[in-house]
Each structure stands twice: as C-alpha cells, then as structure tokens.
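To start, the structure itself, in structure tokens.
Counting convention: from 1, in listed order, for ligands and their atoms alike.
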Amino acid sequence: MTTTLPERRSVRVREIEDSTDLWRLPPSGDAVVSWMHDGRGMIGWGEAARFEITGPGRYERAARAWSDFVAQLGGDAASAVAFASFSFDDRGRSVLIVPEVLVTRRDGRSWVTTIGAATPSRHSPIARPGRVRWSDGALPRARWRDVVAEAVRRLRLGELDKVVLARDLLAETDQPIDPRFLLRELARRHPQCWTFAVDGLIGATPEMLLRRRGDQVTSQVLAGSSWSGDGRHLLTSSSYRDEHDFAVESLLSAIAPHCADVRTCGPSVLRLRNIAHLATDVSATLTTGVDLLGLAAAAHPTAAVGGTPRRAAAGLISELEDLDRDRYAAPVGWLDAGGDGELGIALRCAQLSGSRARLFAGCGIVAESDPDVEVHETDAKFAAVREALGA
Ligand SMILES: C=C(O[C@H]1C=CC=C(C(=O)O)[C@@H]1O)C(=O)O
C-alpha cells in the first residue's frame with residue numbers, strides 16, 4: 001500500500017456563497033474528485049491524503065487506512081471525507097483520496113472544508129477537448145458480439161445462470177480532457193445519476209450499490225435494460241425479470257448476515273436519458289458493527305456486474321471478456337469519519353489519461369439473450385460519456 005499524508009492537518013469549515021455551477025470552483029482539472037446528484041453533493045481538489053491498495057483484502061485495508069487517518073485528525077475529523085474507487089478484482093489498484101479542499105452543496109447552501117495548508121493555485125478556465133476520434137478497445141464491436149454468442153451458448157448448456165460481459169472503447173481528443181468539462185456535461189445530462197470522479201475515473205452512474213446512514217442501509221439494484229421506448233416491456237419479460245432478480249438476490253444474500261428488517265420495493269422502471277432499467281429499492285437495518293466497506297466487500301460483485309453463480313461467472317468473464325476492467329464496475333463513492341457514506345457502482349464511465357479516454361460498458365447475459373441486442377445495449381451505455389465528451 002502506498003500512502004501520502006499531509007504535513008499539517010488542521011481542518012477548517014466555512015459557509016460560502018451558494019453556487020449552482022460547482023464545476024467552476026476547482027482551480028484546474030488536476031486531482032478533482034466528485035460525487036454529485038441533481039445539483040447536490042461534493043466536489044473536491046488537492047490531496048490531503050492518498051491511499052493506494054493492490055492485492056487481496058482491499059476493502060479491509062482501505063477501512064484501516066481511513067480509520068488511522070481519522071484517528072490522526074482527532075476531533076477535527078468530523079468534516080473529513082474520503083473519496084474511494086475500488087478495483088473490480090484483487091489484481092487492480094484501489095484508491096482513497098482525501099481532498100485538500102472540499103465543497104459540499106446541500107439544500108441550496110454550500111460549505112468549504114479545508115484540510116492542511118491548502119495552498120491557493122491559479123485558476124484555469126475549463127477547456128474543451130476539441131475533436132474526438134474513436135477506436136476499438138480490447139475487442140472490435142463485431143468480435144465482442146461473438147463473445148456474447150459464446151456466453152449464450154454456455155448459459156444454454158446450463159453452466160451458469162447469468163454473466164455480465166463488458167467491452168471498452170477508446171477516444172482521443174485534440175486537447176487534453178479537462179475532467180471539469182466532462183463532469184459538468186455529464187451532470188447536466190444525467191441529473192438522476194451520481195456524477196463521480198476519483199483519480200481520473202469519471203462517469204455518471206445510475207446505480208447505488210450501498211448507502212449507510214447510521215444503522216440504515218439502502219441500495220437500488222439495476223439490471224435488465226432497454227435502449228428503445230419507455231422500457232415498460234421490461235416488466236413483463238421473463239428473461240429481463242430473471243436477469244434482474246439474479247442481481248437483487250445477490251445483493252440480498254450478501255447483506256443478510258449483517259441486517260434485519262430487509263425490505264424490497266420493485267421492480268419498477270428507471271428511465272434515463274439513453275436507456276431504461278429495471279430497478280429494485282432495498283432497505284435494511286444493520287445488526288452487526290460492519291462498516292460500509294465491510295458491506296461492499298460482501299456485496300461486490302453483485303450479479304449486476306458479475307453473474308450467478310458468482311464464481312462461475314468470474315471464470316467465464318476472465319475466459320471470454322479479454323478486458324482489464326480496472327476500476328470499472330466496482331464500488332465508487334465516499335466515506336465519512338463516522339462510517340457512513342455512499343458507494344455506487346462505477347458504470348457509464350471512462351478512465352482519462354491526458355487526451356485519451358477509455359470508456360466501458362457491459363450487459364447482463366442470460367440464456368435467452370440476443371447477442372445483437374446486447375451490442376446495441378453497450379452502445380446506449382457508452383452514449384453517456386460519448387455525448388458528454390463530444391459536446
Ligand atoms: C454493467 C452495466 O450495467 C449494469 C447495470 C444496469 C443494467 C445492466 C444490464 O441491464 O445489463 C447491467 O447489469 C454497465 O452499464 O456497464
């Protein structure tokens with residue numbers, strides 16, 4: 001694990017004039033972190049602390065790093081927040097960032113929290129990326145269709161019930177991509193989603209994996225999608241309902257040992273700009289002392305991004321997908337000093353690197369799936385970042 005801690009750790013909080021265009025506040029696109037939903041949430045910059053974790057036990061090790069940091073802050077810790085982005089599996093790098101400056105906007109009021117020295121830096125205007133050139137990622141579109149067809153064949157043999165397969169798409173722009181530009185465009189187009197940024201992974205996810213407030217846990221499971229029409233047919237399709245139910249079941253069985261009074265409501269249809277999903281709301285009361293990251297360790301990957309049974313799906317993904325998922329499809333969000341926080345699933349996102357972006361999109365596949373339909377579904381999911389980048 002690599003760790004960077006600040007020299008001085010005094011924490012200051014002050015109310016500032018409320019601004020609806022928070023994206024203008026970071027002085028540059030460097031080290032921007034974000035978690036915004038319908039104009040509310042947090043955006044930060046600078047790094048008061050950074051923790052990078054690779055290998056097994058990433059949630060437990062991240063929880064330890066965060067609680068050690070909180071202990072160092074002492075009484076000041078109450079307003080500190082860590083932004084977290086986990087790797088899909090043990091092989092990748094997970095990141096926790098405590099921003100030096102954090103702007104929180106809630107109920108039409110804004111506050112700025114500063115940790116450490118927070119040296120002021122010159123403000124650069126938000127730059128547009130210019131023309132975008134697109135190219136294939138790990139697999140060309142047609143080849144990925146064949147991979148889905150092979151997965152369908154294996155599902156029909158009864159090897160497993162559901163698998164989620166993903167593909168990537170590469171963008172190259174004239175100018176370096178300013179994360180503030182992409183975040184602003186995503187937030188404008190997708191107010192129902194959580195617009196996130198952690199260490200260059202930027203997206204607008206519709207899926208809340210786990211939210212913890214005291215002993216209350218909530219989640220909204222999404223699985224089963226339609227890119228055309230209003231999505232109402234999803235409710236009456238047995239294969240979409242199955243695809244959805246596997247995802248709900250996987251979340252419920254993961255949280256069950258830690259919770260009582262588990263309630264579900266759904267499925268209903270969640271209509272987004274480019275796509276509609278089946279959605280089930282879950283709420284529960286925690287009965288064990290498990291923290292948010294402990295719950296995430298149990299829940300990830302749900303069958304919204306992995307499959308059923310989980311182990312067989314992981315095997316088929318690594319056999320067929322030919323993709324390094326990195327931090328795509330893994331928990332992303334924030335934690336506070338008291339153990340509360342929100343973790344979404346990093347979907348509808350791209351990893352930025354200078355003037356390049358790598359976009360990710362995946363689909364749940366069941367025995368009845370049609371590979372051509374699944375390919376179109378990934379196109380609809382790419383559209384979130386694609387349209388924002390080309391704005
Ligand atoms: C894996 C993705 O979406 C998941 C979440 C919602 C609906 C999904 C589906 O219908 O396949 C996926 O399970 C993605 O957006 O890359």
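Leu182 and Met36 fall within the same hydrophobic cluster, defined by Ile, Leu, Val, Met, Phe, Trp and Tyr side-chain heavy atoms under 4.5 Å apart, directly or through other members.
A donor atom on one side chain and an acceptor atom on the other are found under 3.5 Å apart for Arg211 and Thr218.
For residues 30-40, the set of pairs meeting the side chain to side chain donor-acceptor pair (under 3.5 Å) definition, not counting sequence neighbours, comprises Trp35-Glu342.
The environment of Glu60 atom CD is sparse: at most 12 non-hydrogen atoms of other residues, nucleotides or ligands sit within 6.0 angstrom.
An N or O contact shorter than 3.5 Å links Gly224 to ligand 1 by distance. For a threshold of 3.5 Å applied to N or O pairs, the pair formed by Phe360 and ligand 1 contains no separation below that value. Checked by distance only, ligand 1 and Lys381 come closer than 3.5 Å through their nitrogen or oxygen atoms. Looking at Ala223 next to ligand 1, no N or O pair under 3.5 Å apart turns up. At least one N/O-N/O distance between Glu377 and ligand 1 falls below 3.5 Å.
Of all the heavy atoms in Ile97 and Val95, the pair that sits closest is CG1-CG1, 3.7 Å.
Ser87 has its side chain out of reach of Arg93: every pair of non-hydrogen atoms, C-beta onward, lies at least 4.5 Å apart. A heavy-atom distance below 4.5 Å is not found between the side chains of Ser369 and Val148. For the pair Leu343/Leu293, a side-chain contact is recorded, criterion being any heavy-atom separation below 4.5 Å from C-beta on.
Against a heavy-atom cut-off of under 4.0 Å, Arg348 is close to the following atoms of ligand 1: 3 (O), 5 (C), 6 (C), 14 (C), 15 (O). Residue-ligand proximity, Glu243 to ligand 1, at heavy-atom distances under 4.0 Å covers atoms 9 (C), 10 (O), 11 (O). Residue contact check: His277 has heavy atoms under 4.0 Å from atoms 6 (C), 7 (C) of ligand 1. Within ligand 1, the atoms closer than 4.0 Å to a non-hydrogen atom of Ala361 are 16 (O), numbered from 1 in the order shown. Ligand-side atoms of ligand 1 in range of Glu207: 5 (C), range being under 4.0 angstrom from any heavy atom. For ligand 1, the atoms lying closer than 4.0 Å to a non-hydrogen atom of Cys363 are 11 (O).
Protein heavy atom at the shortest distance from atom 2 (C) of ligand 1 is Gly362 O, 3.4 Å. Among all non-hydrogen protein atoms, the one lying nearest atom 11 (O) of ligand 1 is Gly364 N, 2.7 Å. Closest to atom 7 (C) of ligand 1 among all protein heavy atoms lies Ser225 OG, 3.3 Å.
The backbone N or O of Pro26 sits less than 3.5 Å from a side-chain atom of Arg180, completing a donor-acceptor pair. At distances below 3.5 Å, at least one donor-acceptor pair connects side-chain atoms of Asp178 with backbone N or O atoms of Ala127.
Here the shortest heavy-atom distance to atom 4 (C) of ligand 1, taken over Gly306, Ala303, Ala304, belongs to Ala304.
Within the 4.0 Å heavy-atom criterion, the part of Leu347 lying near ligand 1 is the side chain and not the backbone.
Contact between Ala329 and ligand 1 is absent, with no heavy atom of the residue lying under 4.0 Å from the ligand. In this structure, Tyr328 is part of the shell of residues with a heavy atom less than 4.0 angstrom from ligand 1.
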- Take Arg241 and Leu278 through the side-chain contact (heavy atoms from CB on, under 4.5 Å) test and state the conclusion after the steps. CA-CA 8 Å; Arg241 290 290 289 255; Leu278 285 178; 4.1 Å; yes
